Novice: 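Encoded as structure tokens, here's the structure I'll be asking about.
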2 protein chains.
Amino acid sequence: MNITLDDIARRAGVSRATASRVINNHPHVNPAVRERVWQAIRETNYQPNLPARSLASRRSQVIGIIIPQPIHTLFADPYFPLLIEGIAHVCNERQFSIMLDLATTTDSDPYRHLGRRGFLEGAIVASAVEDQFLLQWLAQETIPVVSVGRITSLQAIPYVDVNNRYGARMLVEHLLSQGYRRIATITGPMNIVAGRDRFAGYSDALHAAGLPVLPELVVEGNFSEQSGFTAMQTLLRLVPIPDAVFAASDMMALGALKALRAAGLSVPGDIGLAGFDDIPLAAAMTPALTTVRQPIGELGQTAAQLLLDRLATDSLAPVTQRVMLPTELVIRDSCVRQH
Amino acid sequence: MNITLDDIARRAGVSRATASRVINNHPHVNPAVRERVWQAIRETNYQPNLPARSLASRRSQVIGIIIPQPIHTLFADPYFPLLIEGIAHVCNERQFSIMLDLATTTDSDPYRHLGRRGFLEGAIVASAVEDQFLLQWLAQETIPVVSVGRITSLQAIPYVDVNNRYGARMLVEHLLSQGYRRIATITGPMNIVAGRDRFAGYSDALHAAGLPVLPELVVEGNFSEQSGFTAMQTLLRLVPIPDAVFAASDMMALGALKALRAAGLSVPGDIGLAGFDDIPLAAAMTPALTTVRQPIGELGQTAAQLLLDRLATDSLAPVTQRVMLPTELVIRDSCVRQH
DNA sequence: CAAAACCGTGAAAGCGCTTTCAGGGAGCGT
DNA sequence: ACGCTCCCTGAAAGCGCTTTCACGGTTTTG
């Protein structure tokens, strides 16, 4: 059988209550007693039973990462792994565990009542599609939640986000400064704030330059490589074709690049191309991709900090915190105007 | 306050025991009563408290994925994401949750006594470096564990693996058939079985062809892109340089390719290159990489099935199961002998 | 027709921990 | 000396669930 707290207490000659106090670092324990208990713990290799602890204390030291996307899309893009890495870093430091909540495609209501079940003390939701299920869940949930990326329709949820709009604008202004004028964009999903914001930045830049936003130059994608490929094919049917393309994610830029290659066009020779994210692959592509760097890991770290801080001060008051992280323009070789 | 099983019982006019039986689908409950209980559950949106259930039943419906590697290396390679995806697929089907157990670099003993703590019902360990800590942990652990990849020094642990040795041999034989004779290899870590096996396959092929394994043509890497880059630089100092290189992972092949490019060499024009894994990137590279396909997702699925089957039949007998999945040679453009 | 098997149910005993409450002893001010 | 506060400790009451046991009733068996 396993060693329990009672065994420790007996061995140290104290009551279970005192043993518990020692383990949880409560004050008001005689130093000598404290040491006796620790010794018993070391000698027996005692490990507290987590479910029992959770049940009694209502704290599980576990947070969930919720990504409301089909599993297979989750890892196609290095964005999520990098984000998770950032979160994990902070959680490890603070002795929290991470529960990966991967939604199945078939489950219509995947993250229902996570809080009530008592397993998760808090949750980080990333890349939130603003659908009915998610919003409903967030509204009903009883555990603290932090969102990576704003959720416009629920202002009360603390979030950490990057300045997508400004970043996109800087990028497109860079394209304009290179002399490109017929700039197309492959947007992200318009039901995600990041998708809308990056498109807004694109519009901002064109407007500021006195250029119109032409509907035929705007194609919606979903951040995936495949959608970039398809969107680019659509853009290539235009006459004349665009002289540059801003893809709202690096993976879409990669897909677009493949479509251009397939069509026998060279980048940046025939057409300029730029992305967003600065995933590791962006630097490795030929040509190296000009893009906007998001501090993805930092995004995860900040979200975790926000959440864990909130759990630590178990004030029930709904804290609404917002953190905005900067983006950075990374100029490489994929959109250099050649005269 | 939250709804408890007692509330359900009261509402349905039965005892808590009966309500519990209904929830857990036990037999010997009157169908009418069963329906009354379900109705109460639906009406109240009741969700069982997981820690309480775990405590009472000693089953948590949670398994851990343990990857004994520093976090930052974990996601650099799509191998792990694909593996996790496979595991998640099976777990979702069977209502199990996944706990990602990411070791910190600073924690010397990261996965100690996971079982004792009562949170994890079982664990999948992947890419096991055969170090002291891991072996010690596996030996002491009280929960069922399945390994992805063999662990030679602990025969008792069920595993699922791919035929690394045979796959590597087929690949190198392909290189030989292309006319390459001075074939170098960048191996994986020699403290991982997969690293050793792939090297063994390389040796097998050379021996079968009556060729010696020259020590200067063998450089050890660690599966990462960076290590492939460095190793290739080492190989390029040889006189003459190899006419082909077998990298034991696609990421290392990518690193090697970059080193070759940097040295002004073309692939496959000046030197042949082949990898192992067939990650999505392999097909996307220029030139497209000849490699060996591992069914990574299937690997994860099988591991999860093995583990969950074992948990379901809670026979305490140590079941030792081994599953070997096939590899497949994928011939693309990176090692075509041009005359 | 008695004995045996089975079914459906509730009472009650935990699972291993946290936390409240109360109390004894020590220290301090008056 | 007395009352007060503060420190340390143990007893005991749960946390919300599963599971064993016992029991009456019904059905099957020999």
Side-chain angles (χ1 to χ4, degrees), chain A residues 1-38 40-41 44-62 113 115-121 142 314, chain B residues 1-38 40-41 44-62 113-121 142-143 314:
Chain A
M1 291 299 95
N2 269 338
I3 298 139
T4 73
L5 192 55
D6 277 315
D7 298 328
I8 298 299
R10 212 168 304 126
R11 203 180 174 97
V14 298
S15 75
R16 197 193 323 145
T18 299
S20 172
R21 287 192 189 99
V22 171
I23 284 178
N24 294 294
N25 261 320
H26 285 192
H28 307 318
V29 178
N30 184 309
V33 171
R34 195 181 284 276
E35 181 45 42
R36 275 217 313 284
V37 172
W38 275 121
I41 290 173
T44 53
N45 241 326
Y46 167 73
Q47 297 285 119
N49 178 299
L50 261 20
R53 190 191 277 233
S54 301
L55 181 58
S57 70
R58 291 141 177 291
R59 337 197 77 229
S60 64
Q61 304 262 95
V62 178
H113 296 148
R116 278 204 194 162
R117 318 193 82 202
F119 237 60
L120 263 36
E121 241 182 279
T142 52
D314 45 19
Chain B
M1 292 297 96
N2 271 336
I3 299 141
T4 73
L5 192 54
D6 277 315
D7 298 328
I8 298 299
R10 213 168 303 126
R11 205 180 174 96
V14 298
S15 74
R16 198 193 321 146
T18 299
S20 172
R21 286 190 189 101
V22 171
I23 284 178
N24 294 295
N25 261 320
H26 285 192
H28 309 317
V29 178
N30 184 310
V33 172
R34 195 180 284 277
E35 181 45 42
R36 275 218 312 283
V37 172
W38 275 121
I41 290 173
T44 53
N45 242 327
Y46 167 74
Q47 297 285 118
N49 178 299
L50 261 21
R53 190 192 279 234
S54 301
L55 180 58
S57 69
R58 290 141 177 292
R59 337 196 77 230
S60 63
Q61 303 264 93
V62 178
H113 297 148
L114 285 175
R116 278 204 194 163
R117 317 194 83 202
F119 236 62
L120 263 35
E121 241 182 278
T142 51
I143 56 175
D314 46 19

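Every chain is numbered from 1, with letters handed out A, B, ... down the list of sequences. Since the model is a prediction, treat every value here as computed from it, not as a measurement.
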Novice: With a 4.5 Å heavy-atom cut-off, do A:Arg53 and A:Asn24 have their side chains touching?
Specialist: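 In short, these two side chains touch, coming nearer than 4.5 Å.
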Novice: Kindly give the heavy-atom pair with the smallest separation between B:Ile143 and B:Glu121, and that separation in Å.
Specialist: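 Looking at all heavy atoms of both residues, the shortest contact is CB-O, 3.7 Å.
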Novice: Tell me whether the side-chain N or O atoms of B:Arg58 pair up with the base of C:dG16 as donor and acceptor below 3.5 Å, since no angle test is needed here.
Specialist: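 Check fails, no donor-acceptor contact within cut-off.
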Novice: How close or far is atom C1' of C:dG24 from atom NE2 of A:His28, stated in whole angstroms?
Specialist: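 A:His28 atom NE2 is separated from C:dG24 atom C1' by 16 Å.
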Novice: Whole-Å distance between C:dG14 C1' and A:Asp6 CG?
Specialist: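 Distance, rounded to whole Å: 13 Å.
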Novice: Looking at D:dC17, I'd like to know if its phosphate oxygens (OP1 or OP2) sit under 4.0 Å from a side-chain N or O belonging to B:Tyr46.
Specialist: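 Indeed, a polar side-chain atom of B:Tyr46 lies that close.
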Novice: Within the structure, does a side-chain N or O atom of B:Thr4 lie under 4.0 Å from either OP1 or OP2 of D:dG16?
Specialist: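 No, because none of the side-chain N or O atoms of B:Thr4 sits under 4.0 Å from OP1 or OP2 of D:dG16.
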Novice: Is any side-chain heavy atom of B:Ser54 closer than 4.5 Å to a side-chain heavy atom of A:Phe119?
Specialist: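 The answer is yes, as the side chains (C-beta and beyond) meet within the 4.5 Å cut-off.
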Novice: Within less than 4.0 Å of OP1 or OP2 of D:dT18, is there a side-chain N or O belonging to B:Ser20?
Specialist: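 So the side chain of B:Ser20 is within the cut-off, an N or O lying under 4.0 Å from OP1 or OP2 of D:dT18.
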Novice: Quickly work out the B:Arg10 CZ to C:dG10 P distance and round it to whole Å.
Specialist: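 Answer to the nearest Å: 14 Å.
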Novice: side-chain contact (heavy atoms from CB on, under 4.5 Å) with A:Tyr46: which of A:Asp7, A:Ile8, A:Val37?
Specialist: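 Answer after filtering A:Asp7, A:Ile8, A:Val37: A:Ile8.
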Novice: For residues A:Pro51 and B:Gly118, report the shortest heavy-atom separation together with the two atoms involved.
Specialist: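 Here A:Pro51 and B:Gly118 meet closest at CG-O, 3.2 Å.
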Novice: At under 4.0 Å, does any side-chain N or O of B:Asn24 touch on OP1 or OP2 of D:dT18?
Specialist: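 Yes, because at least one side-chain N or O of B:Asn24 sits under 4.0 Å from OP1 or OP2 of D:dT18.
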Novice: Pick the nucleotide of DNA chain C nearest each of B:Ala56 and B:Val14; which residue has the one closer to the 5' end?
Specialist: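 Nearest-nucleotide comparison on DNA chain C picks B:Val14.
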Novice: In the structure I gave you, are the side-chain heavy atoms of B:Thr18 and B:Arg36 within less than 4.5 Å of one another anywhere?
Specialist: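 SC-SC contact between B:Thr18 and B:Arg36 ruled out.
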Novice: If we only count heavy atoms from C-beta on, is the B:Arg11 to B:Thr44 side-chain gap below 4.5 Å?
Specialist: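 Answer yes - side chains close enough.
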Novice: C:dC17 P sits how many Å from A:Arg53 CZ, rounded?
Specialist: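 Atom-to-atom, A:Arg53 to C:dC17, this comes out as 8 Å.
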Novice: Can you measure A:Ile8 atom CD1 to D:dG10 atom C1' for me and round it to whole angstrom units?
Specialist: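 Taking CD1 of A:Ile8 and C1' of D:dG10, I get 18 Å after rounding.
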Novice: Between B:Gly13 and B:Ala52, just flag the one whose closest nucleotide in DNA chain C comes earlier from the 5' side.
Specialist: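 The residue mapped nearer the 5' terminus is B:Gly13.
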Novice: Over how many whole Å does the gap from A:Arg16 atom CZ to C:dT18 atom C1' extend?
Specialist: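 Distance check: A:Arg16 CZ to C:dT18 C1' gives 9 Å.
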Novice: Given D:dT9, is OP1 or OP2 found less than 4.0 Å from the side-chain N or O atoms of A:Thr18?
Specialist: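 For A:Thr18, the contact criterion (side-chain N or O under 4.0 Å from OP1 or OP2 of D:dT9) is not met.
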Novice: In whole angstrom, give the distance that lies between atom CG of A:Leu55 and atom C1' of D:dT18.
Specialist: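 Distance, rounded to whole Å: 12 Å.
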Novice: In terms of side-chain heavy atoms of A:Ala17, which of C:dG10, C:dC17, D:dG10 is nearest?
Specialist: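 Looking only at side-chain atoms, A:Ala17 lies closest to D:dG10.
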Novice: Would you say C:dT18 has OP1 or OP2 under 4.0 Å from some side-chain N or O of A:Ser57?
Specialist: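 Answer is no, no contact under 4.0 Å.
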Novice: For a quick test of reading the model, state the closest non-hydrogen atom pair linking A:Ser20 to A:Leu5 and the distance between them.
Specialist: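 So the minimum-distance heavy-atom pair works out to CB-CD2, 3.8 Å.
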Novice: Would you mind reading off the bend of the helix from C:dC1-D:dG30 to C:dT30-D:dA1 from its two end axes, five pairs each, to 10 degrees?
Specialist: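 Rounded value for the end-axis angle: 40°.
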Novice: Nearest to the side chain of A:Asn49, heavy atoms from C-beta on, is which of D:dT19, C:dC17, C:dT9?
Specialist: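 Between D:dT19, C:dC17, C:dT9, the one nearest the side chain of A:Asn49 would be C:dC17.
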Novice: Less than 3.5 Å between a donor and an acceptor, one on the side chain of B:Arg21 and one on the base of D:dT18, is that the case here?
Specialist: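 No, no donor-acceptor pair under 3.5 Å.
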Novice: Can you tell me the distance, in whole Å, between the CG atom of A:Leu50 and the P atom of D:dC17?
Specialist: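 Nearest whole value for this atom pair: 19 Å.
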